[in-house]
Amino acid sequence: MPGKIRLGVNIDHVATLRNARGGNHPDPLTIAKALIGTGMDGITIHLREDRRHIRDADAEAICAWAGKPVNFEMAATAEMVAIATRLKPHGACIVPERRAEITTEGGLDVAGNRASLAPAIARLKDAGIRVSLFVDPEPDQLEACAEIGAQVVELHTGAYANGKLGELDRLRHAAALTTKLGLECHAGHGLTFANVQPIAAMREVVELNIGHYLIGEALLTGLPAAIAEMKRLMIEARL
Ligand code: PXP
């Protein structure tokens with residue numbers, strides 16, 4: 001259907017902000033619920049090994065809520081597979097994870113890790129979870145995704161977002177190959193108001209996952225309203 005494309009909203013950085021003060025505001029579950037009716041089609045959370053943003057209790061609460069499909073980003077570790085199969089999110093997106101990285105820096109090397117990834121994918125699928133693999137737009141990686149049983153591929157748009165020459169063409173070819181291989185095509189990383197449209201225009205891409213920019217942009221659009229309410233309460237207290 002033309003025009004039909006889903007937006008998965010990554011709320012990891014709501015947790016980053018919450019953790020900066022060690023309290024429970026802003027609460028990722030409360031924000032997820034508040035996004036119903038805004039155009040958000042799914043919630044994405046990444047439970048990292050170091051729990052630097054989303055924590056176990058967040059993942060538990062958001063998966064139990066499931067007011068919209070939950071996309072659970074995870075490393076292919078035994079610990080994360082055990083958590084995902086217990087929480088049963090709608091989907092799991094396997095990403096590479098290095099402790100020192102600021103964010104997910106590159107795609108998963110599926111072609112080089114077939115033997116370790118295939119059993120993790122099988123366990124997730126057995127639990128009824130739709131499995132996605134986050135990969136760079138490279139044909140050998142996409143073919144490996146199909147071979148080891150992934151249902152979805154999420155194309156890493158980070159290099160495109162950083163302005164790498166020729167990357168949009170690589171993404172277009174990858175999107176076409178993804179659907180040819182019988183896989184559903186998603187994309188994400190580094191997307192903004194300024195660069196989203198060439199990706200969203202690709203008919204094969206049925207879902208975009210976007211986080212950091214939206215949270216930053218929300219400060220610009222949301223802070224004026226929050227300040228107005230604070231000032232209103234202050235003035236009201238003195239009437
Ligand atoms: N998709 C995946 C697999 C990711 O790891 C991330 C970052 O956590 C995103 C999408 C969202 O990227 P960004 O926060 O840059 O929008």
Side-chain angles (χ1 to χ4, degrees), residues 5-17 19 28 31-32 35 39-55 58-59 62 69-77 80 84 89-110 117 120-121 124 129-137 141-142 145 150-164 167 171 174-175 178 183-200 205-219:
I5 182 165
R6 300 190 298 268
L7 171 59
V9 177
N10 181 317
I11 56 169
D12 290 347
H13 295 304
V14 174
T16 303
L17 212 53
N19 298 350
I31 298 293
L35 300 185
M40 172 275 285
D41 300 297
I43 286 291
T44 292
I45 52 172
H46 184 178
L47 185 67
R48 294 185 73 103
E49 189 191 4
D50 62 9
R51 311 303 200 262
R52 72 171 70 150
H53 37 58
I54 292 292
R55 293 175 176 158
D58 298 319
I62 289 164
V70 176
N71 174 34
F72 183 78
E73 289 181 6
M74 53 175 272
T77 61
M80 286 302 153
H90 172 76
C93 179
I94 301 181
V95 301
E97 208 176 284
R98 283 181 295 278
R99 261 177 193 273
E101 70 188 0
I102 293 170
T103 180
T104 315
E105 281 163 5
L108 201 60
D109 179 13
V110 182
L117 287 170
I121 294 172
L124 292 165
I129 301 166
R130 186 203 63 189
V131 180
S132 165
L133 301 179
F134 188 47
V135 295
D136 292 322
Q141 296 294 348
L142 301 176
C145 290
Q151 294 136 307
V152 179
V153 156
E154 180 166 330
L155 299 175
H156 197 313
T157 53
Y160 157 75
N162 288 333
K164 190 171 170 206
E167 199 61 18
L171 284 161
T178 298
L183 301 165
E184 188 171 305
C185 189
H186 300 179
H189 210 279
L191 296 177
T192 67
F193 289 159
N195 66 23
V196 72
Q197 287 199 315
I199 304 295
V205 176
V206 297
E207 179 175 310
L208 298 181
N209 283 298
I210 307 181
H212 185 264
Y213 181 80
L214 285 174
I215 303 298
E217 192 63 19
L219 297 178

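Whatever order the structure lists ligands and atoms in, that order sets their numbers, starting from 1.
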*asked:* In the structure I gave you, are the side-chain heavy atoms of Asn10 and Ile210 within less than 4.5 Å of one another anywhere?
replied: no
Practice task
State if Glu154 counts as touching ligand 1 under the rule of any non-hydrogen atom under 4.0 Å.
Solution key: yes
Under 4.0 Å from one or more heavy atoms of Gly190, ligand 1 contributes atoms 12 (O), 13 (P), 15 (O), 16 (O)
Counting from 1 in the order shown, the ligand 1 atoms closer than 4.0 Å to a non-hydrogen atom of Asn209 are 10 (C), 11 (C)
Near Val95 (heavy-atom distance under 4.0 Å), the atoms of ligand 1 are 3 (C)
Checklist entry - So, is His46 polar-close to ligand 1, with some N/O to N/O distance under 3.5 Å? => result no
Worksheet item: Is it true that the side chains of Glu154 and His189 contain a donor and an acceptor less than 3.5 Å apart?
Response: no
The closest protein heavy-atom partner of atom 7 (C) of ligand 1 is His189 CD2, 3.7 Å
message: Counting only nitrogen or oxygen atoms and a 3.5 angstrom limit, does Cys93 reach ligand 1?
response: no
ask   = Does Glu184 come within less than 4.0 Å of Arg130, counting only side-chain N to carboxylate O?
value = yes
Distance col, row Leu117:CG vs Leu108:CG, nearest 0.5 angstrom, shows 5.0 Å
Between Phe134 and His156, what is the ring plane arrangement, given parallel below 30°, perpendicular above 60°, and tilted in between?
-> parallel
Closest to atom 16 (O) of ligand 1 among protein heavy atoms sits Gly211 N, 2.7 Å
Problem - side chain to side chain donor-acceptor pair (under 3.5 Å) between Asn71 and Thr44, worked out - result: CA-CA 5 Å; Asn71 174 34; Thr44 292; 3.1 Å; yes
Ligand 1 atoms nearer than 4.0 angstrom to some heavy atom of Phe134 are 2 (C), 3 (C)
Side-chain contact test, heavy atoms from C-beta onward, threshold under 4.5 Å: evaluate it for Gln141 versus Asp109 and give yes or no.
yes
Ligand 1 atoms nearer than 4.0 angstrom to some heavy atom of His212 are 13 (P), 14 (O), 16 (O)
re atom 8 (O) of ligand 1, the protein heavy-atom contact at minimum distance is Asn10 ND2, 3.3 Å
The answer for which part of His13 has a heavy atom under 4.0 Å from ligand 1 is neither
When distances are taken from atom 2 (C) of ligand 1, the protein heavy atom at minimum range is Glu73 OE2, 3.0 Å
Check: Is Thr157 reaching over with its side chain to a backbone N or O of Tyr160, donor-acceptor style, under 3.5 angstrom?
Finding: no
Side-chain heavy atoms of Val131 within contact of Val152, under 4.5 Å:
no
